There are 2 protein chains.
Amino acid sequence: MIVVIAGEETAPKTNVRDRMTRSAAVLFGERGFSGTGLRDVIAHSSTPRGSIYHHFAGGKAELAREAVRHAAGAVAAPMDDAARDGDPVAMLHAWAGHWRAALTDSGFRAGSTVLAVAAEPEEQTGARAAAAAAFAGWADAFAAALHGAGVRRKKAARLATLAVTAIEGAVVVSRARGDTLALDHVERELEAAIAAARRS
Amino acid sequence: MIVVIAGEETAPKTNVRDRMTRSAAVLFGERGFSGTGLRDVIAHSSTPRGSIYHHFAGGKAELAREAVRHAAGAVAAPMDDAARDGDPVAMLHAWAGHWRAALTDSGFRAGSTVLAVAAEPEEQTGARAAAAAAFAGWADAFAAALHGAGVRRKKAARLATLAVTAIEGAVVVSRARGDTLALDHVERELEAAIAAARRS
DNA sequence: GTCTATACGAAGATAGAC
DNA sequence: GTCTATCTTCGTATAGAC
């Protein structure tokens with residue numbers, strides 16, 4: 001979410017930190033946590049080199065936690081927009097559509113920041129809890145929509161976990177293949193699973 | 001697959017290379033490709049330091065390709081054993097059971113070698129094609145079992161993609177959470193999806 | 001085949017001037 | 001807040017002795 005303060009002439013204090021966070025999210029998703037250097041983040045965000053430890057006193061681990069939180073929100077935003085109808089299928093399409101666009105727009109270089117960080121151990125990233133919270137946030141939002149559409153609460157929770165894991169997995173498989181076939185298949189099968197759950 | 005040659009007294013030529021490959025597969029799965037150094041592989045496999053470039057002239061990229069192939073086979077083995085009955089549900093249980101055991105036995109440090117390599121770009125790993133082939137191999141084997149159980153060929157292919165992506169995703173989420181809940185949910189929902197596909 | 005030694009660059013992180 | 005300079009450790013990879 002971008003907050004614009006009316007009439008502000010100078011850049012907000014958080015500008016540099018935000019740009020670093022955004023670039024870190026992109027690069028961690030593309031190259032992984034260990035595969036991305038702080039120098040890469042500086043170069044990608046065009047921010048001052050000497051100030052990264054001023055903005056992120058906790059070093060790379062703090063940057064990873066912020067990047068994961070940012071990425072979690074960036075994925076949740078289109079889902080939340082679509083959730084206003086209360087239709088879980090619309091939510092699924094917004095969710096899958098976000099990744100289809102990210103993959104094709106980047107020439108299949110984009111990847112999930114959250115998954116990339118979660119794929120490396122806590123000792124390296126220091127961001128395991130943030131990644132787990134991101135997965136849980138997506139699942140909870142989707143489960144709420146499913147429950148609102150008449151799916152039993154426990155069934156909705158399981159189906160939401162299936163959606164989170166399959167979509168995150170489909171992003172990786174699609175990237176490896178260089179096409180969106182895996183994402184297409186997952187989207188269609190999840191839609192069928194939602195329809196079946198609503199009937200029962 | 002492990003081949004034991006009867007009566008062989010000395011270690012086979014491939015012994016050191018195999019141990020390096022196995023350790024690389026474990027460590028890439030746990031720490032990611034960039035997060036694992038060749039020194040880590042040497043230490044974990046207790047192999048001679050000076051010989052890694054003798055066995056893997058292509059360097060770390062060649063090691064990654066071999067590790068991915070090895071990991072692909074290690075996951076396919078329990079699936080193939082269960083597939084002898086031709087029951088896709090038994091295959092699913094063997095598949096999920098393999099990961100449940102790997103996660104709990106390792107204190108939730110184990111991870112998917114294939115996913116870890118696929119989550120980093122080709123320019124870093126040099127193993128994108130091997131990862132894509134591993135995903136495709138699992139999906140094709142599962143799709144064949146589904147088709148043998150009466151699921152239309154195209155539906156079977158889509159459902160198999162759902163299974164591959166969801167299980168790989170569930171391993172990451174389970175690791176981040178420190179429990180097998182995501183894997184449990186995915187296994188149960190995939191079982192329901194298989195049952196629904198056989199009815200239609 | 002395996003060894004030691006090392007090249008060469010980059011990693012994360014810090015110090016202290018301004 | 002941002003700079004430059006630097007510390008220390010580590011990365012992959014290679015050379016050449018044995």
Side-chain angles (χ1 to χ4, degrees), chain A residues 8-25 27-28 30-68 116-117 120-128, chain B residues 8-25 27-28 30-68 116-117 119-127:
Chain A
E8 181 141 20
E9 295 289 330
T10 57
K13 287 178 193 170
T14 52
N15 193 25
V16 169
R17 187 183 154 101
D18 273 1
R19 271 159 53 206
M20 287 173 171
T21 301
R22 264 176 241 272
S23 287
L27 294 175
F28 289 164
E30 288 183 355
R31 312 179 190 173
F33 173 83
S34 294
T36 303
L38 294 182
R39 286 165 175 79
D40 300 331
V41 176
I42 298 295
H44 187 270
S45 58
S46 304
T47 47
R49 285 156 250 183
S51 66
I52 192 161
Y53 281 92
H54 172 76
H55 294 291
F56 298 92
K60 200 182 182 184
E62 187 183 342
L63 181 60
R65 288 188 290 270
E66 284 295 303
V68 165
V117 168
E120 298 190 38
E122 167 71 7
E123 302 89 63
Q124 281 171 26
T125 64
R128 197 190 67 155
Chain B
E8 182 141 17
E9 295 289 328
T10 56
K13 288 177 192 171
T14 52
N15 193 26
V16 169
R17 186 183 155 101
D18 273 0
R19 270 159 53 207
M20 288 174 171
T21 300
R22 264 177 242 271
S23 287
L27 294 175
F28 289 164
E30 287 182 356
R31 312 178 192 176
F33 173 82
S34 293
T36 304
L38 294 181
R39 285 169 173 80
D40 300 332
V41 176
I42 298 295
H44 186 270
S45 58
S46 304
T47 46
R49 285 157 250 181
S51 66
I52 191 163
Y53 281 92
H54 171 76
H55 293 292
F56 298 92
K60 200 183 183 185
E62 187 182 344
L63 181 59
R65 288 188 289 270
E66 284 296 303
V68 164
V117 169
E120 298 190 39
E122 166 71 7
E123 302 89 63
Q124 280 171 28
T125 64

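Since this is a predicted model, take the numbers as computed values, not measurements. Values below: all heavy atoms of this structure, side chains included; hydrogens, waters and symmetry mates excluded. Within every chain, numbering begins at 1; the chains are lettered A, B, ... in the order of the sequence lines, protein sequences first and strands thereafter.
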Here the salt bridge (Lys or Arg N to Asp or Glu O under 4.0 Å) pairs for residues 46-67 of chain A, sequence neighbours left out, are A:R17-A:E62, A:R17-A:E66, A:E66-A:R69

Taking OP1 and OP2 of D:dG1, is either one under 4.0 Å from a side-chain nitrogen or oxygen of A:S51? no

Worked verdict on A:R31 versus A:D40 for side-chain contact (heavy atoms from CB on, under 4.5 Å): CA-CA 10 Å; A:R31 312 179 190 173; A:D40 300 331; 3.4 Å; yes

Check the distance between C:dA10's C1' and A:R31's CZ and give it to me in whole angstrom. 14 Å

Please list, chain by chain and in numerical order, all residues satisfying side chain to side chain contact (heavy atoms under 4.5 Å, CB included) with B:A67, sequence neighbours excluded. B:A24, B:A25, B:F28, B:T113

If I take atom OG1 from residue A:T47 and atom CE from residue A:M20, how far apart are they, to the nearest 0.5 angstrom? 3.5 Å

Please report the distance, rounded to the nearest Å, between CE in A:M20 and C1' in D:dG1. 10 Å

Student check: side-chain heavy atoms of B:L38 and B:L63 closer than 4.5 Å: yes

Can you give one letter per nucleotide of nucleotides 11-18 of chain D, 5' to 3': B if a protein heavy atom sits under 4.0 Å from the base, S if only from the sugar-phosphate, - if neither? BBBB----

Whole angstroms only, please: what is the NE2-P distance between A:H54 and C:dA15? 16 Å

Whole-Å gap separating P (C:dT2) and CD1 (B:I42): 10 Å

Are the side chains of A:V41 and A:L27 in contact, using a 4.5 Å heavy-atom criterion? yes

Under 4.0 Å between a side-chain N/O of A:H55 and OP1 or OP2 of D:dT2, yes or no? yes

I need the CG-C1' distance between A:N15 and D:dT2, as an integer number of Å. 15 Å

